[in-house]
Amino acid sequence: MATKAIIIGAGPAGLTAAYELLTRSDIEPIVIEENSFVGGISATLDYKNNKIDMGGHRFFSKSDRVMSWWLNILPLQGKPSADDLILHRTPKLSSLPGAPNPQKEDKVMLQRHRLSRIYYLKTFFDYPVSLNMNTIKGLGLWRMFKIGCSYLKALVFPIKDEKSLQDFMINRFGKELYLTFFKDYTEKLWGIDCAEISAEWGAQRIKGISILKVLKQMFVNMTGKKSKNIETSFIDSFYYPKFGPGHLWQSVADEVKARGGKICLNEKVVGLTLKNGKIVAIQTQTSDGKSKTYTGDIFISTMPVKDLIKSLNDVPTKVAKIAEGLMYRDFRVVGVLLNKLKLKNTTAFKTINNIVPDTWIYVQERDVKLGRIQVFNNWSPYMVKDFQNTVWIGLEYFCNEQDKIWTDDDKTFIDFAIEEGYKIGIFAKEDVLDAYTHKVKKAYPAYFGTYDKFAVVKKYVDGIDNLYLVGRNGMHRYNNMDHSTLAAMKAVDCILGVCKDREEIWSVNTEAEYHEEKQN
């Protein structure tokens with residue numbers, strides 16, 4: 001009888017694990033997904049042929065293993081994309097025989113220009129922050145002087161015991177720069193003061209970035225030399241599927257099914273049966289209320305740890321209490337179709353109709369709840385039904401399920417988001433053609449609540465012999481998509497005996513070497 005692996009969740013980690021098992025072993029994967037679509041938070045949704053990416057997902061990794069894996073699913077373009085042709089731009093093209101033409105073929109990865117900026121005082125600032133004339137002009141000499149003095153103070157008298165995200169940022173940027181460019185956006189994201197968030201979030205998300213790294217990168221840019229070990233935040237280009245990240249994960253799902261794996265949509269896991277130190281079965285409930293049971297030999301979970309522990313039987317009281325205290329932030333996006341933006345392109349990078357060239361914009365303005373803006377035209381022209389005549393943007397909000405942002409009906413919230421976009425000068429109301437909103441539960445695992453005791457939960461689940469936790473929610477870690485992909489690969493390595501230590505799974509996105517250097 002064939003060995004079966006039950007995989008909870010059809011996001012990047014779950015689908016990667018299923019594909020790896022099918023291509024490297026005789027193990028049969030069954031993927032259980034609560035939603036009606038695959039991809040998790042990396043899904044791409046469609047509204048009247050305009051596509052929405054849930055948060056913006058650049059396909060870039062310091063892991064050659066991950067990059068090769070992605071390009072095996074969707075090969076790099078061999079001809080220019082539609083907007084590059086119109087603007088006579090020359091992106092990096094694959095020289096491999098048979099490399100796809102995005103004008104004629106859909107299974108293709110595009111090479112895209114990366115620009116992310118901060119919008120503050122109705123002015124654009126570089127992200128990561130650059131100490132250049134644009135920054136000096138936007139902030140003024142007095143504020144820049146205070147920023148410089150503040151940073152020198154942080155160098156001479158650093159906070160020795162970094163307990164919070166606030167401590168972490170002040171040590172790397174100085175208090176003034178932290179207050180100017182980081183505090184408000186970060187508190188929009190998490191909903192609490194940075195002093196209450198673990199410094200570990202900074203170690204995983206901001207990683208090696210500091211003023212010294214910014215200055216070093218500025219020097220590298222001026223000299224024209226390319227550093228091999230470039231920080232993720234400094235990359236100037238990235239790969240992106242023709243129809244968004246969900247396009248890649250749907251392609252993986254198609255491959256999984258073609259190779260004999262099963263993907264069961266619209267089924268929520270409501271119980272896991274633990275017996276003699278192993279999981280023996282899971283129970284699900286379908287969208288129409290029917291109950292199902294799946295038995296298996298190996299279980300891989302990407303579901304939120306809080307929900308996983310709640311679904312298990314005979315969990316120790318201490319573990320259950322810590323898991324119950326784990327916290328998350330939810331996400332709501334409003335897609336707005338426009339005739340045009342009020343923002344104009346003042347950069348040297350050419351765009352159609354001179355729209356701003358940003359992929360996403362971090363909104364630091366303090367008088368709105370809006371956290372970030374995506375310009376889907378710049379991610380891929382194929383994300384927008386009429387990319388030559390309209391602009392399709394995503395207004396992103398971070399919230400909790402009890403917040404008004406979450407509970408408002410669609411029309412009320414769309415009207416609110418449009419009012420905020422108008423208020424800070426992004427677009428004029430008369431240029432709005434259409435709009436759509438979508439919610440994502442538990443989009444961001446939080447580094448507060450009982451997170452400081454998470455090691456207790458980790459030790460417990462690692463003691464379950466045939467259970468492997470991977471993915472952002474599965475590991476309760478704010479991973480990027482490449483980290484989730486790599487963690488799933490490492491889990492399969494452990495299942496197949498390639499590695500013996502589960503810490504290799506947990507070490508993804510924590511090791512300094514991963515941050516600083518490319519890894520195979």
Side-chain angles (χ1 to χ4, degrees), residues 1-44 57 59 61 63 65-74 107 241 245-269 272 279 281-282 284 286 292-304 308 464 466-475 479 481-499 502 504-505 508:
M1 190 172 180
T3 302
K4 286 186 179 179
I6 308 299
I7 300 172
I8 304 171
L15 290 173
T16 298
Y19 183 89
E20 288 285 289
L21 288 171
L22 285 165
T23 55
R24 298 171 58 191
S25 74
D26 295 326
I27 298 171
E28 296 180 4
I30 300 174
V31 185
I32 311 297
E33 171 56 48
E34 179 180 359
N35 291 308
S36 60
F37 53 84
V38 303
I41 197 174
S42 298
T44 303
H57 293 83
F59 284 72
S61 179
S63 166
R65 183 179 182 184
V66 171
M67 292 294 284
S68 298
W69 197 92
W70 285 339
L71 290 174
N72 180 58
I73 302 298
L74 294 181
K107 296 199 73 171
H247 179 196
L248 181 132
W249 297 113
Q250 183 59 59
S251 299
V252 175
D254 292 343
E255 283 287 329
V256 166
K257 288 186 285 187
R259 293 171 182 269
K262 294 180 181 178
I263 298 177
C264 306
L265 302 177
N266 298 305
E267 290 192 41
K268 182 179 181 179
V269 173
L272 292 91
I279 307 293
I282 68 166
T284 70
T286 64
K292 290 186 177 182
T293 298
Y294 295 85
T295 59
D297 307 287
I298 299 161
F299 293 81
I300 300 173
S301 175
T302 73
M303 70 189 290
L308 173 73
I464 300 174
N466 63 340
L467 175 64
Y468 299 84
L469 271 56
V470 295
R472 176 181 281 197
N473 276 332
M475 303 172 78
N479 284 335
M481 186 168 51
D482 64 320
H483 303 132
S484 294
T485 300
L486 187 58
M489 292 173 171
K490 296 280 189 181
V492 173
D493 288 345
C494 288
I495 291 167
L496 301 183
V498 176
C499 72
R502 289 184 187 220
E504 287 201 26
I505 305 171
V508 172

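- For the pair Y294/I8, no side-chain contact is recorded, criterion being any heavy-atom separation below 4.5 Å from C-beta on.
- Minimum heavy-atom separation, H247 to S251: O-OG, 2.8 Å.
- When atom types are taken as modelled, the side chain of D493 and the backbone of V498 share no donor-acceptor pair closer than 3.5 angstrom.
- When side chains are defined from C-beta on, I464 does not count as touching F299, because their heavy atoms never get closer than 4.5 Å.
- At a threshold of 4.5 Å between non-hydrogen side-chain atoms, the residues T23 and E255 do not count as touching.
- Across every non-hydrogen atom of P245 and A43, the tightest pair is CG-O, 4.4 Å.
- Without hydrogens or angle criteria, E33 side chain to A10 main chain gives a donor-acceptor distance under 3.5 Å.
- Distance check, rounded to the nearest 0.5 Å: OG1 of T16 to CD1 of I7 gives 9.5 Å.
- Remark: L15 CG to S484 OG distance equals 11.5 Å, nearest 0.5 Å.
- Distance CE/M489 to CD1/I505: 13.5 Å, rounded to 0.5 Å.
- Using a 4.5 Å heavy-atom threshold, the side chains of H57 and W249 count as separate.
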Inset, instruction - Report the C-alpha distance between I32 and C264 in whole Å, list the side-chain angles of each, state the deciding distance to 0.1 Å, and finish with yes or no for side-chain contact (heavy atoms from CB on, under 4.5 Å). - result: CA-CA 5 Å; I32 311 297; C264 306; 4.1 Å; yes
Inset, instruction - Might you work through the side-chain contact (heavy atoms from CB on, under 4.5 Å) test for T302 and V470, ending with a clear yes or no? - result: CA-CA 5 Å; T302 73; V470 295; 3.7 Å; yes
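- A donor-acceptor contact shorter than 3.5 Å links the side chain of D297 to the backbone of K4.
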Inset, instruction - Run the numbers on I300 and L21 for side-chain contact (heavy atoms from CB on, under 4.5 Å), then give the verdict. - result: CA-CA 11 Å; I300 300 173; L21 288 171; 4.3 Å; yes
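- By the 4.5 Å heavy-atom criterion applied to side chains, Q250 and F37 are not counted as neighbours.
- Between M67 and S61, the shortest heavy-atom contact is SD-N, 3.3 Å.
- Using a 4.5 Å cut-off on side-chain heavy atoms (C-beta onward), L22 and P29 make contact.
- Rounded to the nearest 0.5 Å, atoms CD (E267) and CG (N35) are 12.5 Å apart.
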Inset, instruction - Start with the C-alpha distance between S63 and D482, add both sets of side-chain angles, then the distance that settles side-chain contact (heavy atoms from CB on, under 4.5 Å), and finish with yes or no. - result: CA-CA 8 Å; S63 166; D482 64 320; 5.6 Å; no
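- Side chains of T3 and I298 form a contact here, defined as non-hydrogen atoms less than 4.5 Å apart.
- When all heavy atoms of G471 and N479 are compared, the closest pair comes out as O-ND2, 4.0 Å.
- When all heavy atoms are compared, the tightest approach of V31 to A18 is CG2-CB, 3.8 Å.
- A distance of 13.5 Å separates CH2 in W70 from CZ in R65, rounded to the nearest 0.5 Å.
- To the nearest 0.5 Å, the span separating CD1 on I279 from CG on L308 amounts to 7.5 Å.
- Side-chain atoms of K490 and C494, non-hydrogen and from C-beta on, never get closer than 4.5 Å to each other.
- Here the shortest heavy-atom pairing between E20 and V492 reads CB-CG2, 3.8 Å.
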